[in-house]
Protein chains: 2
Amino acid sequence: MKHRGKTNPPGRIKIMKSFSKLMEEKDFHSITTAEIAKNGEVTEGLIYKYFKDKKDLLYQVLNEHFMEFQTKIESRISYETTCVEQLEVIIFSSLESYAENRLFSKMLLLEVRTSPAFFNSAAYGMVKKYAATILEIIQKGIEQGELKDDTDPYLLRKVILGAIEHACLGEIIFGRELSIDQTSTGISDIIFNGVRT
Amino acid sequence: MKHRGKTNPPGRIKIMKSFSKLMEEKDFHSITTAEIAKNGEVTEGLIYKYFKDKKDLLYQVLNEHFMEFQTKIESRISYETTCVEQLEVIIFSSLESYAENRLFSKMLLLEVRTSPAFFNSAAYGMVKKYAATILEIIQKGIEQGELKDDTDPYLLRKVILGAIEHACLGEIIFGRELSIDQTSTGISDIIFNGVRT
DNA sequence: TTTTGTAAGTAAGTATCACTTACCTTGTGA
DNA sequence: TCACAAGGTAAGTGATACTTACTTACAAAA
């Protein structure tokens with residue numbers, strides 16, 4: 001008997017909530033299915049009614065967070081006119097989401113990348129969509145002359161994504177505080193204006 | 001009976017070699033201790049004579065690679081005079097090492113970050129040293145007027161490290177080819193000169 | 001030469017883990 | 001009213017990381 005996603009039964013919600021709570025405290029691998037079940041007041045077997053395996057549970061939880069994130073980003077972009085402003089909004093919003101939602105950033109930046117199965121998941125589909133949005137803005141920026149025309153759009157995207165992600169690592173791993181405003185404007189300034197005198 | 005690190009017995013070498021070989025083929029978690037032992041022609045128990053646990057084996061292998069890497073970087077830097085050139089050498093050398101040594105980059109960028117134990121390991125000590133080297137160069141660059149004096153050195157370091165790491169992710173995860181020269185000069189150009197027209 | 005201590009290595013476990021199987025229960029529409 | 005599917009349970013099972021208690025090899029002290 002498999003879950004077909006038409007309804008969202010209480011057991012499924014309990015499992016995801018329990019797992020999320022545990023993920024805030026420790027890393028994925030040190031969470032056991034027994035713990036998830038006990039904490040969520042369901043039996044261990046039920047986990048496997050709704051999720052293919054433990055990793056699938058991780059990917060589905062991540063997917064829900066990513067959908068919210070993508071909606072927020074797209075809405076905010078629509079208010080900006082220039083490409084640079086749009087990219088700045090993406091940098092700011094990404095930092096904000098990662099910083100406010102430790103669970104989301106932990107899953108996305110630390111836990112999922114190690115296993116090949118992730119790259120077939122719906123959550124990875126969301127990552128691709130997010131990355132595609134950034135690429136489109138960069139390409140438009142080059143076309144419209146806002147960005148230098150010898151810019152490699154794929155490489156610029158990598159620099160932007162890398163900067164965002166690395167900026168959050170300290171926060172995620174060591175729980176350091178991160179000033180979103182300062183970091184966001186700092187990254188934008190470096191990438192758009194350069195650091196050479 | 002614990003290993004005190006004074007000698008390097010054949011069993012220890014066999015285990016590290018066997019593990020390294022397996023890590024080239026698959027991810028850390030899907031490698032079993034039984035496999036490591038069989039492949040290295042030792043018994044499973046011996047692994048735990050030389051390594052605290054499976055993760056400790058990973059950290060020790062990574063540490064050896066990182067020591068080589070750090071030596072290379074430091075040697076190359078010494079030939080450069082300006083700070084920008086030194087940073088360019090670091091970007092190039094890091095990309096080169098990550099691209100040439102898939103095992104090294106896989107361990108460092110994907111596998112170790114998830115568990116807190118890594119941050120107490122000798123390998124993490126090497127990461128800190130590498131990061132410290134970069135920071136020193138940036139600070140010198142600001143002092144000497146090569147870099148803008150309103151640059152946040154910590155943030156610039158994050159952007160550089162993030163760019164390097166993210167640029168290699170596609171290669172590590174999907175096995176994509178990466179042009180080191182092109183990527184290296186591209187990243188340097190973006191960060192030092194900016195992309196805005 | 002003998003003794004002794006220790007490092008190198010082995011063999012046979014064990015507890016725990018992710019995951020499976022077979023089953024029960026409940027609500028609903030034909 | 002009864003068939004049937006979805007929601008949920010209980011009791012497994014094989015594999016896995018790690019442990020324990022042991023043997024062997026060998027160098028230096030006595």
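Sequence lines set the chain letters: A, B, ... in the order given, protein chains first and strands last, and positions in each chain run from 1.
Rounded to a whole Å, the CD1 atom of A:Ile47 is 15 Å from the C1' atom of D:dG7. As rounded to whole Å, 14 Å separates atom C1' of C:dA7 from atom CZ of B:Arg12. In this structure, the CG atom of B:Leu57 is 13 Å from the C1' atom of D:dA17, given to the nearest Å. A:Leu58 places its CG atom 15 Å from the C1' atom of C:dA18, with the value rounded to the nearest Å. Regarding B:Phe51, its CZ atom lies at a distance of 18 Å from the C1' atom of D:dT19, rounded to whole Å. If you measure from atom CG of A:Asp53 to atom C1' of C:dA18, you get 9 Å, rounded to the nearest angstrom. Rounding to whole angstrom units, CD of residue A:Glu35 and C1' of C:dT16 are separated by 12 Å.
Among pairs with a residue in residues 88-107 of chain A, those fulfilling salt bridge (charged side-chain N to carboxylate O under 4.0 Å, His left out) read A:Lys72-A:Glu96, A:Arg76-A:Glu96, at least two apart in sequence or across chains. Each salt bridge (charged side-chain N to carboxylate O under 4.0 Å, His left out) pair with one or both residues in residues 24-36 of chain B, not counting sequence neighbours, appears once here: B:Lys26-B:Glu35.
In A:Gln182, the CD atom is not crowded: 12 or fewer heavy atoms of neighbouring residues, nucleotides or ligands sit closer than 6.0 Å.
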Give the intermediate values and the outcome of salt bridge (Lys or Arg N to Asp or Glu O under 4.0 Å) for residues B:Arg113 and B:Glu165. CA-CA 13 Å; B:Arg113 298 181 176 186; B:Glu165 289 175 12; 2.8 Å; yes
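Between the side chains of A:Gln60 and A:Glu64, not a single donor N or O lies within less than 3.5 Å of an accepting N or O. Side-chain contact of A:Glu111 with B:Thr114: a donor-acceptor pair under 3.5 Å is absent, judged by distance alone.
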Acceptor/donor pairs from residues 135-142 of chain B side chains to any protein atom, 3.5 angstrom cut, sequence neighbours excluded:
unit_1   : atom_1 : unit_2  : atom_2 : d
B:Lys140 : NZ     : B:Gln86 : OE1    : 3.4

Show me, pair by pair, the donor-acceptor contacts under 3.5 angstrom made by side chains of residues 169-178 of chain B, not counting sequence neighbours?
none

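DNA chain D lies under 4.0 Å from at least one heavy atom of each of the following residues of residues 38-46 of chain B: B:Glu44, B:Gly45. Only at 4.0 angstrom or more do the heavy atoms of residues 19-34 of chain B sit from any atom of DNA chain C, so none qualifies.
Of the candidate nucleotides D:dG8, C:dC19, D:dC18, C:dC19 has the atom lying nearest to any side-chain atom of A:Lys54.
Considering only side-chain N and O atoms, A:Lys49 lies nowhere under 4.0 angstrom from the phosphate OP1 or OP2 of D:dG8. Phosphate contact (OP1/OP2 of D:dT19, side-chain N/O of B:Tyr48, threshold under 4.0 Å): absent.
Proximity of the aromatic rings of B:Tyr130 and B:Phe69 is defined here by a centroid distance below 6.0 angstrom, and this criterion is met.
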